[in-house]
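Remarks on the structure that follows.
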Amino acid sequence: MADDINNDNLLERIGKLVSEYKESLSIAQDLIALESLEIKILGRKSELTNILKNIKDLKDPQDKKRVGQEANFAKQTLEKLLSEKKESIKKDYLANVEIKEKLDITLPGTKFETGHIHPVTQMIALCEDIFMKMGFDVYYPNAIDDDYHNFETVNLPPNHPARDSWDTFWTEDDHIAITHTSSMQNRILSSKNPPIRAIVPGRCFRHEATDARHEHTFNQIEGIYVDKGVNLTNMLGVLQEFFSKFYEKEVKVKFTPDFFPFVEPGGMMSLSCILCDGKGCSVCKQTGWLEILGCGMIHPKVLEMANIDPNTYSGFAWGFGVERLIMLKYDINDIRLFYSGNLDFLKQF
Ligand code: DAH
């Protein structure tokens, strides 16, 4: 310590240092700031440490005592202030964490949305269930099939004009996105012996301009029943039973002749209107009836192609669109809703 610094100056300097450091401590905000302050105040190179180190060089023992006492007192005071400040910063931090990261373990957890089964799939399962209880087996079609199964085996040879009504998508190697699940008729008929009872639910594809009643992709359920002595009345009985179960009410059915190459006689089956119970409404156009499916007695040529003798056996077949059935069950007026991915619609099922 330089001799020219007299003791009064030293005492004054210690007093100044203490108030200067007190001021810095009062504005320190966090533990990092406090750490560097600690080094500055009490570290090896701090001014106070330097004063303490050099007390021994003071000549006058009285001075040594006075300056020594003062400097040590200053050191203790500052140490105490530092540790108090450290505590208060920690306490503030913890109080803040509690506010910011408040955890209420009594709150319910985050709900993860899970999907559910699509209404069309649900309804296909219902149809399968009803038909299985009536003794039908269930087969699924190939989504892409050949001309032979989609057309030829159901009596639609190449260049048959009726093929136009099933115009669809072809692959470059002459395969087809199936136009109907009748594509499975021959496979089922030729692989089993009568009695044969089977349904074929599956997706079909048509080259179709879409509107509220038409989709390019939709589902069908084809049905076939072959045995000795099977007739049209049996068919109407089976279908009436099915529709009564599906709509959970008594329904009437009627058959109107129409042309399909794979049945003879062929026709449309109508159902007493589900919405007005046959009284007449805008959906059934005041007729009380809804044309719901194509059906008929399987054409002898179709049986022959599957090696079933048409003189011994007879059978009936039908095909209906699943979406149409659901639309009537729930009074849905646009088929496009099924595949639009509209959750407000889908969540209702
Ligand atoms: N395959 C026909 C269609 O897609 C529906 C159909 C009509 C199937 C009459 C049949 C039937 O089995 O006999 O339009």
Side-chain angles (χ1 to χ4, degrees), residues 124 127 131 136-143 145 147-157 160-169 176-190 196-208 213-227 230-239 242-243 253-271 290-306 308 310 313-325 335:
I124 289 176
C127 295
F131 280 118
F136 285 79
D137 296 329
V138 181
Y139 291 81
Y140 298 105
N142 301 334
D145 212 334
D147 185 274
Y148 180 71
H149 287 97
N150 194 83
F151 288 130
E152 284 179 48
T153 56
V154 282
N155 201 25
L156 279 153
H160 192 294
R163 280 189 179 215
D164 289 351
S165 35
W166 287 279
D167 190 14
T168 187
F169 307 104
I176 193 171
I178 59 164
T179 59
H180 50 190
T181 56
S182 312
S183 61
M184 287 298 283
Q185 273 205 22
N186 182 267
R187 285 200 181 85
I188 299 167
L189 292 173
S190 57
I196 299 169
R197 287 181 292 259
I199 58 161
V200 187
R203 248 185 329 162
C204 305
F205 311 88
R206 300 267 173 98
H207 183 60
E208 188 96 63
R213 296 193 45 175
H214 299 90
E215 257 291 8
H216 50 71
T217 304
F218 60 98
N219 286 268
Q220 263 191 354
I221 296 187
E222 177 86 8
I224 46 175
Y225 192 145
V226 175
D227 202 357
V230 172
N231 60 37
L232 210 59
T233 317
N234 299 148
M235 178 183 80
L236 294 177
V238 165
L239 291 172
F242 165 75
F243 284 111
V253 294
K254 72 171 181 181
F255 179 80
T256 325
D258 201 342
F259 175 72
F260 293 101
F262 26 89
V263 275
E264 183 57 42
M268 294 300 292
M269 193 216 79
S270 303
L271 196 62
L290 298 162
E291 273 195 349
I292 204 114
L293 56 80
C295 56
M297 297 304 293
I298 299 177
H299 199 288
K301 276 196 187 161
V302 173
L303 291 176
E304 270 168 6
M305 265 188 277
I308 293 177
Y313 294 102
S314 59
F316 59 80
W318 76 81
F320 61 70
V322 178
E323 288 82 355
R324 176 94 203 284
L325 256 56
I335 191 170

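Order of appearance sets the numbers: ligands from 1, and atoms from 1 within every ligand.
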Side chain, backbone, both or neither: the part of Phe320 lying under 4.0 Å from ligand 1 by heavy atom: neither

Interatomic distance, Ile176 atom CD1 to Asn150 atom CG [nearest 0.5 angstrom]: 4.5 Å

contact_flag Ser182 ligand 1 heavy-atom lt 4.0 Å: yes

Subset of ligand 1 atoms that lie under 4.0 Å from at least one heavy atom of Val263: 13 (O)

Of Phe255, Phe316, Phe260, the residue whose pairing with Cys295 passes side chain to side chain contact (heavy atoms under 4.5 Å, CB included): Phe255

Proximal atoms of ligand 1 relative to Arg206 (non-hydrogen, under 4.0 Å): 3 (C), 4 (O), 14 (O)

Distance-minimising heavy-atom pair for Tyr140 and Met184: O-CE, 3.6 Å

N or O contact, Phe262 vs ligand 1, cut-off under 3.5 Å: no

Geometric class of the Phe262/His180 ring pair [parallel <30°, tilted 30-60°, perpendicular >60°]: perpendicular

Met235 and ligand 1 - part of the residue with a heavy-atom distance under 4.0 Å: neither

Any His299 heavy atom less than 4.0 Å to ligand 1: no

Distance-minimising heavy-atom pair for Ile199 and Ile221: CB-CG2, 4.0 Å

Where ligand 1 meets Gln185 - atom numbers and elements under 4.0 angstrom, heavy-atom basis: 12 (O)

Ligand 1 versus Trp166: contacting region, heavy-atom distance under 4.0 Å: side chain

Parallel, tilted or perpendicular, as decided by the 30° and 60° cut-offs, for the rings of Trp318 and Phe136: perpendicular

Residue and atom name of the nearest protein heavy atom (relative to atom 12 (O) of ligand 1), distance in Å to one decimal: Glu222 OE2, 2.7 Å

Any N or O of Gln220 closer than 3.5 Å to N or O of ligand 1: yes

Plane angle bin for Phe243 and Phe320 - parallel if under 30°, tilted between 30 and 60°, otherwise perpendicular: tilted

Minimum heavy-atom distance between Ile178 and Ser183, given as atom pair plus value: CG2-OG, 3.9 Å

